[in-house]
Peer 1: 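Below is the structure I would like to discuss, written out as structure tokens.
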Number of protein chains: 2
Amino acid sequence: MENIEENGVAKAKRFARLQSLERYSLHSYVFNYIRDAILDGRYKPGDALVETRLAEELGVSRTPIREAIRQLELEGLVISIPNKGVVVNGFSQQDIDDIYTIRSMLEGLAARWAAQRIDQQKLKELEEIVELMGYYTKKNDFEQLTQLDTRFHGVIYEACDSKVLKHLLDNLLRYVEQARRGSLKVPMRACQSLNEHRSIFEAIMKRNAAEAEKFMAKHISSAILNLHSLMGQNEKEN
Amino acid sequence: MENIEENGVAKAKRFARLQSLERYSLHSYVFNYIRDAILDGRYKPGDALVETRLAEELGVSRTPIREAIRQLELEGLVISIPNKGVVVNGFSQQDIDDIYTIRSMLEGLAARWAAQRIDQQKLKELEEIVELMGYYTKKNDFEQLTQLDTRFHGVIYEACDSKVLKHLLDNLLRYVEQARRGSLKVPMRACQSLNEHRSIFEAIMKRNAAEAEKFMAKHISSAILNLHSLMGQNEKEN
DNA sequence: GTCACATTAATTGTATACAATTATACAAAC
DNA sequence: GTTTGTATAATTGTATACAATTAATGTGAC
């Protein structure tokens, strides 16, 4: 009886997944699930990831769980000790700072290349995004602003026309996702951020590669500075 | 009869592996095997990776093969199409150029941080490496030089004391491994490379971060230039 | 009490079995 | 000859079974 019941639950979970997600493979579903859980803090650094528990939790078998874990391991989000298990790794504040420094360089590079290679369509897309940013900044709609920020940078990743650079930046951006979310929720920062985005867009539009790179690097650097001032306020939480 | 025989072969392969390799998990063994095969051209872009064939070839089951493939997928070395299969992706010349550009920035950053943070032991290690480089450059021993080059950069990755940056650079270096191997096999380049390493080492020793960064970035840039002149010579091969 | 050792349980590692999907081959219709 | 449909084979996707390793527990000697 219990077995049948449990099986029914698993089947139901699976069915819901197949409907919602565009029927990707289970391992990618599991990968996204665990990564998000780590990045928004549901799984904390030091937590052990037990395959059977995860399998039950997600209603799948251990095989896709293992595939996902191997990927997370490669990304450095978990640490696997052979025959013992895997634990959540997470990032230290130092790691996040490092990522921002690295991003300021690589995003700068992306902006430089984008200024050289962007096509009219993507240019128009950027323009629209910046306009919308102006709108939502006035409205103080931080959720929309975060999304637009992601899109703005995403379009540039595409426009720089480098598979490798895009791949690197996509990952780096994900890692600091939670830090980034908090960052924009300061009105001052949102306003400053808007101006920075404007400058970057204008430099790209003018095909001024050097300026685009400079502004973008500054933009990322000021993001980390802002993050630090936020940290300073709730220092006791550490 | 055949089954028993085949099983014997697989067992023998496995035994040899357990002896030689320090008894790591199978998936990491498989991962390294396939990655190396792709990077030194045994598996060519477009080749299909069939799980059962790989399993037989390596004398393991499909599970570790799949785990390894998921990792390769994340690294961008293979492309997986659900329910169809995975094909080797490899890197285009443009990708390699991009990687060198990215490396010149990130290695520069690593050198900058290394100049600020390196300890006496690693500093001494660097000094020894540079001395040995001088020795083997005179001897035209390119195999040793390649190894020393890897060690030189490896020490700096360690010395910069950034988990994230080290992780990124380790991967990038692996991707251009085969390109790099050819590059040093030009006497002129070896000599020039030695001088560049010397300058970088001296800047780090003097704790001159800006100079270390500048010299390192130049070093990587000249490596790609050298690579291009090599390409120019055997252009017909494409 | 605690240390050593054996026994059991929990967990990971690997292999295999089965299901689902896609590719291939071949025949019939036009 | 081309196309369409169907049966078959090949391959991937998933789940489960079993082996190996490690952690936990308990028991007896001292």
Side-chain angles (χ1 to χ4, degrees), chain A residues 3-4 6-19 21-34 43 46-73 78-88, chain B residues 3-4 6-19 21-34 43 46-73 78-88:
Chain A
N3 270 337
I4 295 169
E6 251 184 26
N7 208 358
V9 172
K11 282 274 164 61
K13 279 186 183 177
R14 188 168 164 191
F15 182 69
R17 194 172 54 241
L18 291 183
Q19 282 205 319
L21 261 76
E22 53 280 29
R23 211 180 129 289
Y24 260 85
S25 52
L26 284 189
H27 68 257
S28 64
Y29 160 69
V30 174
F31 174 73
N32 287 311
Y33 176 88
I34 301 179
Y43 294 169
D47 284 1
L49 292 184
V50 180
E51 294 175 8
T52 48
R53 271 214 298 277
L54 283 168
E56 201 180 354
E57 190 175 333
L58 298 177
V60 301
S61 77
R62 282 176 53 211
T63 310
I65 302 280
R66 284 181 65 85
E67 293 176 324
I69 286 180
R70 292 287 87 80
Q71 294 185 307
L72 293 165
E73 188 186 352
V78 304
I79 291 177
S80 167
I81 301 155
N83 285 313
K84 293 194 67 177
V86 301
V87 294
V88 175
Chain B
N3 270 337
I4 295 171
E6 253 183 23
N7 208 357
V9 171
K11 283 273 165 62
K13 279 185 183 176
R14 188 167 164 191
F15 182 70
R17 193 173 53 241
L18 290 182
Q19 282 206 320
L21 262 74
E22 53 279 29
R23 209 179 129 290
Y24 260 87
S25 53
L26 285 189
H27 69 256
S28 66
Y29 160 69
V30 174
F31 174 73
N32 286 311
Y33 176 89
I34 301 179
Y43 294 167
D47 284 0
L49 292 184
V50 180
E51 293 175 8
T52 49
R53 271 214 298 278
L54 283 168
E56 201 179 356
E57 190 175 333
L58 298 178
V60 300
S61 78
R62 281 175 55 210
T63 309
I65 302 280
R66 284 180 66 85
E67 292 177 321
I69 285 180
R70 293 287 87 80
Q71 293 186 309
L72 293 165
E73 187 187 351
V78 304
I79 290 176
S80 168
I81 301 154
N83 286 313
K84 292 195 67 176
V86 301
V87 294
V88 176

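Numbers restart at 1 for each chain; the letters A, B, ... are given by sequence-line order, proteins then strands. Worth knowing before you read on, the calculation uses all heavy atoms, side chains too, and leaves out hydrogens, waters and symmetry mates.
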Peer 1: Let me know which of A:I69, A:I65, A:L72 forms a side-chain contact (heavy atoms from CB on, under 4.5 Å) with A:F31.
Peer 2: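 Among the candidates, only A:L72 passes.
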Peer 1: Dump the pairs, protein N or O against N or O of nucleotides 8-10 of chain C, anything under 3.5 Å, distances to one decimal.
Peer 2:
none

Peer 1: Where the side chain of A:V50 is defined as all heavy atoms beyond and including C-beta, which of D:dT14, C:dG13, C:dT12 is the nearest nucleotide?
Peer 2: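 The answer is C:dT12, which lies nearest to the side chain.
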Peer 1: Could you check whether any side-chain heavy atom of B:L49 comes within less than 4.5 Å of a side-chain heavy atom of B:V87, counting everything from C-beta outward?
Peer 2: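 Side-chain contact under 4.5 Å: no.
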Peer 1: Counting heavy atoms from C-beta on, name the nucleotide in D:dT22, C:dA15, D:dG13 closest to the side chain of A:N83.
Peer 2: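 Looking only at side-chain atoms, A:N83 lies closest to D:dT22.
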Peer 1: Between A:K84 and B:S80, who's closer to the 5' end of DNA chain D by nearest nucleotide?
Peer 2: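 In this pair, the answer is B:S80.
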Peer 1: Give one of base, sugar-phosphate or nothing for A:L49, where a contact means two heavy atoms less than 4.0 Å apart.
Peer 2: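 It contacts sugar-phosphate atoms only.
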Peer 1: Quick check: do B:E67 and A:H27 have side-chain heavy atoms less than 4.5 Å from each other?
Peer 2: no
Peer 1: So, OP1 or OP2 of C:dG13: does either fall under 4.0 Å of a side-chain N or O from A:R66?
Peer 2: yes
Peer 1: Taking the side chain as every heavy atom from C-beta outward, state whether A:L54 and A:I34 have any pair of such atoms under 4.5 Å apart.
Peer 2: yes
Peer 1: A:R62 CZ to C:dT14 C1': how many Å, rounded?
Peer 2: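 One finds 9 Å between C1' of C:dT14 and CZ of A:R62, rounded.
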Peer 1: Do the non-hydrogen side-chain atoms of A:Y43 and A:V78 ever get within less than 4.5 Å of each other?
Peer 2: no
Peer 1: Report yes if the side chains of A:R70 and A:S80 come closer than 4.5 Å at any heavy-atom pair, otherwise no.
Peer 2: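 When only atoms from C-beta onward are counted, A:S80 and A:R70 do touch, with a gap below 4.5 Å.
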Peer 1: Please work out if A:I65 contacts a base, only the sugar-phosphate, or nothing of the nucleic acid, heavy-atom cut-off 4.0 Å.
Peer 2: nothing
Peer 1: Return the value, rounded to whole Å, for the distance between atom NE2 of A:H27 and atom P of D:dG13.
Peer 2: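 Whole-Å distance recorded here is 7 Å.
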Peer 1: Measure from the side-chain heavy atoms of B:L26 and tell me the nearest of C:dT14, D:dA15, C:dG13.
Peer 2: C:dT14
Peer 1: Of the listed nucleotides (C:dA15, C:dT16, D:dT21), which one gets closest to any side-chain atom of B:P64?
Peer 2: C:dA15
Peer 1: Which nucleotide in the set C:dT14, D:dA15, C:dT16 lies at the smallest distance from any side-chain heavy atom of B:S25?
Peer 2: C:dT14
Peer 1: Take atom CZ of B:F31 and atom C1' of C:dT14, then tell me their distance rounded to the nearest Å.
Peer 2: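 Going from CZ in B:F31 over to C1' in C:dT14 covers 20 Å.
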Peer 1: What verdict does the side-chain contact (heavy atoms from CB on, under 4.5 Å) test give for B:L58 and B:V30, after you've listed the backbone C-alpha separation in whole Å, the side-chain angles of each residue and the deciding distance to 0.1 Å?
Peer 2: CA-CA 8 Å; B:L58 298 178; B:V30 174; 3.9 Å; yes
Peer 1: Just to verify, what does A:E51 make a side chain to side chain donor-acceptor pair (under 3.5 Å) with, not counting sequence neighbours?
Peer 2: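 For A:E51 the side chain to side chain donor-acceptor pair (under 3.5 Å) partners, ignoring immediate neighbours, are A:R62, A:R66.
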Peer 1: Would you say a side-chain N or O of A:S61 is under 4.0 Å from OP1 or OP2 of D:dT14?
Peer 2: no
Peer 1: Would you kindly give the CD1-to-P distance between A:I69 and C:dT12, to the nearest whole Å?
Peer 2: 7 Å
Peer 1: For B:I81 and D:dT11, what is the distance between atoms CD1 and C1' respectively, to the nearest whole Å?
Peer 2: 13 Å
Peer 1: A:E67 CD to C:dT12 P: how many Å, rounded?
Peer 2: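 For the pair A:E67 CD and C:dT12 P, the rounded distance is 16 Å.
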Peer 1: Considering only D:dT14, C:dT14, C:dT11, which nucleotide approaches the side chain of A:R53 most closely?
Peer 2: C:dT11
Peer 1: Send over the distance from A:E51 CD to D:dA17 P, rounded to a whole Å.
Peer 2: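 To the nearest whole Å, that distance equals 16 Å.
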